[in-house]
Each structure stands twice: as C-alpha cells, then as structure tokens.
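Worksheet: one structure, shown below.
Throughout, protein chains are lettered first and strands after them, A, B, ... in sequence-line order, and every chain is numbered starting at 1.
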Amino acid sequence: MNLGEGVRLVSFGILALIVLGGALGVVLAPSMVHAAFLLGLVFVGMSGLYLLLNADFVAAAQILIYVGAVNVLLLFAIMLVNRRIPDAAAGKRGLRNTIAGFVCLFVFGSLVNGVVRVPWPISTETPIANSTLRIGEQFFSYYLLPFEAVSILLLLALVGAIILARREFVPDRTESGDQPLVLPERPRAEMDETPKLPETTGRR
Amino acid sequence: MLTVNFFLAVGAALFCIGIYGLVTSRNAVRVLMSIELLLNAVNLNFLAFSSYVDPVNIRGQLFTIFIIAVAAAEAAIGLAIVLAIYRNRNTIDMENFNLLRW
C-alpha cells in the first residue's frame, strides 16, 4: 500500500497497542466471555498489522477464519462448558504466576536482544503489486502437495471433531442379536441427570 | 522509519503473553485461546520477514496461510476434546485432568 511513512508509523503504534492490550486482556480477564471478545479484537488488530506488511490476502483470510470461525467456535465452547471453578489454591498460584511472569519477561528480553543484534538481510526490491495472484501461482505450482495435504487435514479435523464431541457410544443390543437402527447416542434424559453442583451457574 | 525490528518485537511480546497465559491459566478454553495467540505471533513474524526480506516470492505469506489452516483444525479438535473431557469429568480445570498421572 502507498502510505506515507508517518501514517504507517502511527497506525503501527495504534495497532500494536490494540494487539498487546487485547492479548493481556485475553490472558488476565476474569470473565471468559470478555476474554473471547478481546481475542476477536486481537485478531482484527493483527489483520491490520498484516495490511501494513503488504499482505492483503492473508489479512482477509485472518478476518474470515479467525474472527469468523475460530472465535465463534471458542464462544460456543464457553457457552457449553460454562461453570465457575472453585478457586482452592489461590495463594499457592500467586507465587507460581509471579515466577511464570518473570520467566516470560526474561524470554521477551532475550528475544528482543536477538532481534536487535542480528543483521537481517533486508531486501531492496520493490514489493510486488498483486500478492494474491502470486500466492495462487505458488500454491498451484510449487506448493501443490502441501496444499492438498492441508485440505485432507481439514477434512480429517472436521470428521475427528464430530466423532470426539459426540456423546459416547452405548450399545443397545436387542434379544435377537441384531443392532437396531438408532443413532448410537445416550438418550437425552440420562444426560440431564448428571449431578449439578450449586455454584455451576456462575459465569467464568 | 518502520523497520522489521518493530514487527518482530511486537511478535515477541505477543508470544510471551501467550506463553504466560498457556502456563498460568486453569481454564482449558483459555489455554486454547493462548495457543491461538502464540500462532498469531508466529504468523506476524512470518509476514514481517516475507515483507522485508523476500518481497518478490512472498513465501512467508504461503506459510502463514498453511499455519492459519492448521490453527483452524487445531481449534476444532481442541474444543472437541475439551467438550469430551467436560462430559466425562464434569470440569474443565486443567489441574483436574490427571487421568494419565502416575
């Protein structure tokens, strides 16, 4: 994109603020629903950063797949498994979280140190104008085999997720020995009899 | 002047936040969210190098698209596993997932 240098710098600052603040919110927010919506904000900010890096197709794919699919999937999972965890070992976790925070700060410091020190081989060529065309060319010539493998992986993930999330198999054999043609699921009434703790209605 | 170092620093910060969330959170869904943050940080690094080091054969963008596809599959499988565990153990606390502990 043809943006001025100042415009790029300012928009980078705003987007980096959105992304890092949203990521901290995802990790630290007490409510899971707030964390999921902040994760959507992080994804939108990341796609803005991708636009600054001349990756328009990837930015559009990020919006479509992450915000449109993954975030909605996470929200559905929160809706299905929504219960408050009784916080028993809160005092012991404080020390552990502090140690984990210091380790992460150390990792961040060493990563930034490496980033600053290494002389990256910056290219001086002008970036190509039509990146989507180039991505399509490369997908269907040199990267054809990984592309097909990814499509098979997506199909397997679809089938595997359905099999994993289905209710467990209860064999319902009749006296004559043959299997009746019913869906192999536990009946709904039995599912509702699972014992419920009194504090299950909180949102977490 | 916006150089590659800015993007790499943001990627490193996002990666560290993701690792912190991965280690400290007890809710399994929040762990999956942290994994998404980690994958996004990696994507940002790939795109920064694709734009600054290899702007003609934009191979970093291809890798990013592969990572996005694998991340979508991972999210679907991970949430299905979380649902299955919730149905069996009636909790999604990471510290109660000790079925394979010695």
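Taking A:Ala16, A:Ala61, A:Pro146 one by one and counting their heavy-atom pairs under 4.5 Å with chain B, the maximum is reached by A:Pro146. Chain B forms more heavy-atom pairs under 4.5 Å with one residue of A:Ile122, A:Val118, A:Val112, A:Val116 than with any other, namely A:Ile122. Counting heavy-atom pairs under 4.5 Å between each of A:Gly6, A:Ala55, A:Ala149, A:Gly101 and chain B puts A:Ala55 at the top. When the candidates B:Ser25, B:Ser34, B:Ala73, B:Ala84 are compared by the number of heavy-atom contacts under 4.5 Å with chain A, B:Ala73 comes out ahead.
Of all heavy-atom pairs between A:Leu53 and B:Ala48, the closest is CD1-N, 3.7 Å. The minimum heavy-atom distance linking B:Leu44 with A:Met46 is given by the pair CB-CE, 3.7 Å. Closest approach of B:Ile77 and A:Ala161 over heavy atoms only: CD1-N, 3.7 Å. Of all the heavy atoms in A:Leu74 and B:Leu32, the pair that sits closest is CD2-CB, 4.4 Å. What you find for A:Leu20 and B:Val10 is that their closest heavy atoms are CD2-O, 4.1 Å. B:Ile19 and A:Cys104 make their closest contact through CG2-SG, 3.9 Å (heavy atoms, listed as atom of the first residue, atom of the second, distance).
Proximity to chain A involves both the backbone and the side chain of B:Leu14, based on heavy atoms less than 4.5 angstrom apart. Using a 4.5 Å cut-off between heavy atoms, A:Ala69 makes no contact with chain B at all. For A:Glu125, the parts lying near chain B are the backbone and the side chain together; criterion is any non-hydrogen pair under 4.5 Å. Residue A:Phe57 touches chain B through its side chain alone, counting heavy-atom pairs closer than 4.5 Å. At a 4.5 Å heavy-atom cutoff, the contact between A:Phe108 and chain B is made by backbone and side-chain atoms alike. Contacts between B:Ile65 and chain A at a heavy-atom distance below 4.5 Å involve the side chain alone, from C-beta outward. Both the backbone and the side chain of A:Leu80 come within less than 4.5 Å of a heavy atom of chain B. In this structure, chain A has heavy atoms under 4.5 Å from both the backbone and the side chain of B:Val56. With a threshold of 4.5 angstrom between heavy atoms, A:Val115 approaches chain B through its backbone and through its side chain. At a 4.5 Å heavy-atom cutoff, the contact between A:Ile128 and chain B is made by backbone and side-chain atoms alike. Contact annotation for A:Ala36: both backbone and side-chain heavy atoms come within less than 4.5 Å of a heavy atom of chain B. Interface remark: B:Ile17 contributes backbone and side-chain atoms alike to the contact with chain A (heavy atom separation under 4.5 Å). Residue A:Val107 touches chain B through both its backbone and its side chain, counting heavy-atom pairs closer than 4.5 Å. The contact between B:Phe49 and chain A is made entirely by side chain atoms (from C-beta outward), counting heavy-atom distances below 4.5 Å. Interface remark: A:Tyr66 contributes side-chain atoms only to the contact with chain B (heavy atom separation under 4.5 Å). Contact of B:Val53 with chain A is made through backbone and side chain together, with heavy-atom distances under 4.5 Å. Residue contact with chain B, scored on non-hydrogen atoms closer than 4.5 Å, involves the side chain of A:Val42 exclusively. For a residue to count as touching a neighbouring chain, one of its non-hydrogen atoms must lie under 4.5 Å from one of that chain's; by this rule A:Leu28 touches chain B with backbone and side chain alike. Interface residue B:Thr64: only side-chain heavy atoms are found under 4.5 Å from chain A. Only the side chain of B:Phe63 comes within less than 4.5 Å of a heavy atom of chain A; its backbone N, CA, C and O stay farther away. Looking at A:Thr126, only its backbone comes within 4.5 Å of chain B, counting heavy atoms on both sides.
The side-chain heavy atoms of B:Glu74 and A:Leu153, taken from C-beta on, include no pair separated by under 4.5 Å. Here the side chains of B:Phe6 and A:Phe12 are in contact, with some heavy-atom distance below 4.5 Å. In this structure the side chain of A:Phe76 never reaches within 4.5 angstrom of the side chain of B:Leu79, judged on heavy atoms.
No more than 12 heavy atoms of other residues, nucleotides or ligands shown are found within 6.0 angstrom of CZ on A:Phe37.
Put simply, CD1 on B:Ile81 and CG on A:Leu164 are 5.5 Å apart, with the number rounded to the nearest 0.5 Å. With values rounded to the nearest 0.5 angstrom, A:Leu49 atom CG is found 9.5 Å from B:Leu47 atom CG. A:Glu5 CD to B:Leu2 CG: the interatomic distance, rounded to the nearest 0.5 Å, is 6.5 Å. Within the model, atoms CD of B:Gln61 and CD of A:Gln138 stand 9.5 Å from one another, a figure rounded to the nearest 0.5 Å. Considering CG of A:Asn71 and CE of B:Met33, their distance stands at 7.5 Å, rounded to 0.5 Å.
Aromatic ring orientation, B:Phe66 versus A:Tyr143: tilted (interplanar angle from 30° to 60°).
The main-chain N or O of A:Arg166 is found under 3.5 Å from a side-chain atom of B:Arg87 such that the two form a donor-acceptor pair. The main-chain N or O of A:Ala29 is found under 3.5 Å from a side-chain atom of B:Arg30 such that the two form a donor-acceptor pair.
With 3.5 Å as the limit, one finds a donor-acceptor pair spanning the side chains of B:Asn40 and A:Gln62.
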Please determine whether side-chain contact (heavy atoms from CB on, under 4.5 Å) holds for the pair B:Asn57 and A:Arg134, giving the CA-CA distance in whole Å, both sets of side-chain angles, and the decisive distance to 0.1 Å. CA-CA 8 Å; B:Asn57 303 307; A:Arg134 190 89 187 93; 2.6 Å; yes
Step by step, work out the side-chain contact (heavy atoms from CB on, under 4.5 Å) result for B:Asn43 and A:Tyr50. CA-CA 9 Å; B:Asn43 282 347; A:Tyr50 296 170; 3.1 Å; yes
Does the pair B:Val23 and A:Val103 meet the rule for a side-chain contact (heavy atoms from CB on, under 4.5 Å), with working shown? CA-CA 11 Å; B:Val23 171; A:Val103 169; over 6 Å; no
Test side-chain contact (heavy atoms from CB on, under 4.5 Å) on B:Leu62 and A:Tyr142 and set out the steps. CA-CA 11 Å; B:Leu62 296 163; A:Tyr142 191 72; over 6 Å; no
